[in-house]
Amino acid sequence: MSKTMTFRFMREEDIDQVMIVEMQSFTLPWSREAFYNELYHNQFARYLVLEDGGRIAGYCGAWIVMDESHITNIAVLPEYRGRKLGEALLLKMMELSKSMGVTRMTLEVRVSNLVAQSLYKKLGFQKGGIRKNYYTDNKEDAYVMWVNI
């Protein structure tokens, strides 16, 4: 990670850049309104961005409810991938979650997304179940993964 990169909480003015990351990362991108609602209407939502000299290189979101944290999404711009920035973002979210009293974290991941699964396993996540037909674009299943933090 370069010295110009910093983590911070997402703000409304970040949404346009986050949408670029979102659209370049997912076949079912969230809408601008969804991010706005997360920031202003979801008391459980926490979103971090990874900023590189004023440019949003990636972001990670979670819903923190009592002692559990549910990763909603994590993404890095294609040109920043392969630099362990997704790992850095997830570790930062794990740190934030733990500081808020979280003891367990969960997420869903496409069965076909072996790169993401490898990262999650590296950080201690284990498969805990499967959600059949979870992704509406192609009816792909999702693994539900958990880690104690």
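Along the sequence shown, the residues carry numbers beginning at 1.
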**Student:** Taking atom OG1 of Thr4 and atom CZ of Arg55, what is their separation to the nearest 0.5 Å?
**Tutor:** 11.5 Å
**Student:** Determine, stepwise, if the pair Arg32 / Asn37 fulfils side-chain hydrogen bond (donor to acceptor under 3.5 Å, both in side chains).
**Tutor:** CA-CA 9 Å; Arg32 186 177 207 299; Asn37 287 330; over 6 Å; no
**Student:** Let me check something: any side-chain donor-acceptor pairs from residues 85-98 under 3.5 Å, sequence neighbours excluded? List them with distances.
**Tutor:**
residue : atom : partner : partner atom : Å
Glu87   : OE1  : Lys122  : NZ           : 2.9
Glu87   : OE2  : Lys122  : NZ           : 3.4
Ser97   : OG   : Ser69   : OG           : 3.1
Ser97   : OG   : Met93   : O            : 2.9

**Student:** Where do Arg110 and Thr27 land on the side-chain hydrogen bond (donor to acceptor under 3.5 Å, both in side chains) test, with the steps shown first?
**Tutor:** CA-CA 12 Å; Arg110 286 181 185 267; Thr27 57; 3.1 Å; yes
**Student:** Roughly how far, to the nearest 0.5 Å, is the CD1 atom of Ile74 from the CG atom of Leu119?
**Tutor:** 6.5 Å
**Student:** With a cutoff of under 4.5 Å between side-chain heavy atoms, which Ile, Leu, Val, Met, Phe, Trp and Tyr residues group with Leu28?
**Tutor:** none
**Student:** Taking only residues two or more places apart in sequence, or in another chain, which ones meet Lys132 in a salt bridge (charged side-chain N to carboxylate O under 4.0 Å, His left out)?
**Tutor:** Asp141
**Student:** Assign the ring pair Phe35 / Trp30 to parallel, tilted or perpendicular, where the plane angle (0 to 90°) is split at 30° and 60°.
**Tutor:** tilted
**Student:** Looking only at heavy atoms, which two atoms of Ile56 and Asp14 are closest? And how far apart?
**Tutor:** CD1-OD1, 4.0 Å
**Student:** Within 45° of the six-membered ring axis of Trp146 and under 6.0 Å from that ring's centre, is NZ or CZ of Arg104 located there?
**Tutor:** yes
**Student:** Tell me if the CD atom of Gln126 is crowded by more than 12 foreign heavy atoms within 6.0 Å.
**Tutor:** no
**Student:** Please tell me whether Thr106 and Glu68 have a donor and an acceptor in their side chains that are separated by less than 3.5 angstrom.
**Tutor:** no
**Student:** Not counting sequence neighbours, which residues clear salt bridge (charged side-chain N to carboxylate O under 4.0 Å, His left out) with Glu33? List them please.
**Tutor:** none
**Student:** Do you know the tightest heavy-atom contact between Arg81 and Ser25?
**Tutor:** NH2-OG, 2.9 Å
**Student:** Does Arg46 qualify as a cation-pi partner of Phe9, given the criterion of NZ or CZ under 6.0 Å from the six-membered ring centre and within 45 degrees of its axis?
**Tutor:** no
**Student:** Can you run down the ring-ring contact (aromatic ring centres under 6.0 Å, His included) pairs that involve residues 80-120, sequence neighbours left out, and say none if there aren't any?
**Tutor:** Tyr120-Phe125
**Student:** Got Met66 and Met100 here, is their nearest side-chain heavy-atom distance under 4.5 Å?
**Tutor:** no
**Student:** Any idea which heavy atoms bring Pro78 and Gln24 closest together, and the distance?
**Tutor:** CD-OE1, 3.1 Å
**Student:** Can we say Asp52 and Arg83 salt-bridge, meaning some charged N sits less than 4.0 Å from an Asp/Glu carboxylate O?
**Tutor:** no
**Student:** Please list, chain by chain and in numerical order, all residues satisfying side-chain contact (heavy atoms from CB on, under 4.5 Å) with Tyr36, sequence neighbours excluded.
**Tutor:** Glu12, Ile15, Tyr40, His41
